[in-house]
Amino acid sequence: MTERATATLHFFVEGRVQGVGYREFTRRAALRHNLSGWARNRLNGCVEVRVSGAAHDLDALVEMLRSGPPASAVRALKAIEDDGPPESEGFVIAPTI
């Protein structure tokens with residue numbers, strides 16, 4: 001994780017992550033950790049997440065994303081540090097692309 005106090009990360013989550021409540025699980029976890037951003041399904045079957053906030057809260061979210069909700073089976077979690085502008089307040093479920 002970055003040494004900065006706040007960061008923005010972009011995730012791609014692969015496995016059984018669509019149709020199992022993964023995006024809503026992510027939204028709730030992000031809000032619980034005071035993170036802002038969005039999650040969306042992708043047509044290739046993965047879930048994409050972009051989230052901004054304090055580094056320690058992002059670390060906590062990463063651990064939750066690795067496990068996912070009970071019906072999910074995460075096969076791979078790719079995280080990329082994003083140097084773009086941070087996400088605005090709140091967390092939304094975005095349309096599928």
Side-chain angles (χ1 to χ4, degrees):
M1 182 61 60
T2 181
E3 293 297 321
R4 294 181 292 181
T6 62
T8 298
L9 295 177
H10 205 134
F11 298 97
F12 295 90
V13 189
E14 300 173 0
R16 188 175 61 236
V17 292
Q18 291 190 10
V20 294
Y22 195 92
R23 291 173 300 160
E24 181 60 24
F25 170 86
T26 301
R27 186 185 75 78
R28 288 180 185 170
L31 292 173
R32 189 173 322 122
H33 289 284
N34 300 311
L35 298 168
S36 300
W38 50 264
R40 67 181 167 200
N41 284 341
R42 296 197 48 118
L43 293 176
N44 68 359
C46 78
V47 171
E48 180 181 12
V49 180
R50 187 172 191 270
V51 64
S52 300
H56 68 276
D57 289 320
L58 288 168
D59 288 342
L61 182 68
V62 168
E63 292 308 311
M64 296 181 85
L65 293 179
R66 281 193 177 111
S67 62
S72 71
V74 176
R75 185 178 67 244
L77 175 67
K78 298 175 187 172
I80 302 165
E81 191 160 347
D82 190 325
D83 291 331
E87 291 293 324
S88 59
E89 301 237 352
F91 195 94
V92 299
I93 296 175
T96 298
I97 62 164

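Throughout, numbering of the chain's residues begins at 1 and tracks the sequence.
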Next item on the list: Quick one: do V49 and H10 satisfy side chain to side chain contact (heavy atoms under 4.5 Å, CB included)? Show the steps, please.
Entry: CA-CA 6 Å; V49 180; H10 205 134; over 6 Å; no

Checklist line | Euclidean distance, F91 CZ relative to R23 CZ, rounded to 0.5 Å | finding: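 R23 atom CZ to F91 atom CZ measures 10.5 Å (nearest 0.5 Å).
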
Notebook entry, point to check: Roughly how far, to the nearest 0.5 Å, is the CG atom of N44 from the CD atom of E14?
Noted result: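 That separation rounds to 7.5 Å.
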
Determine whether [X] and [Y] make a side-chain contact, defined as any pair of heavy atoms from C-beta on separated by less than 4.5 Å.
X	Y	value
L9	E81	yes
W38	E48	yes
V47	Q18	yes

Check: Taking V51 as the fixed residue, which of T8, V62, L35, T26 is the one that meets the side-chain contact (heavy atoms from CB on, under 4.5 Å) rule?
Finding: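 It is L35; the other options fail the test.
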
Could you tell me which non-hydrogen atom of [X] sits nearest to which non-hydrogen atom of [Y], and how far apart they are?
X	Y	answer
S88	S36	O-CB, 2.8 Å
R75	G15	NH1-CA, 3.7 Å
S72	S67	OG-O, 3.4 Å

Cluster question for you: counting only ILVMFWY and a side-chain heavy-atom cut-off of under 4.5 Å, with indirect links fine, are [X] and [Y] together?
X	Y	value
V13	V20	yes
I93	L31	no
F11	V92	no
V74	L58	yes
F25	L77	no

Judged by atom type as modelled, is there a donor-acceptor pair below 3.5 Å linking the side chain of [X] to the main-chain atoms of [Y]?
X	Y	result
S52	E87	yes
Y22	L65	yes
R16	A71	yes

Next item on the list: Inspect the surroundings of CD in E63 and state if more than 12 heavy atoms from other residues, nucleotides or ligands are less than 6.0 Å away.
Entry: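 Above 12, so yes.
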
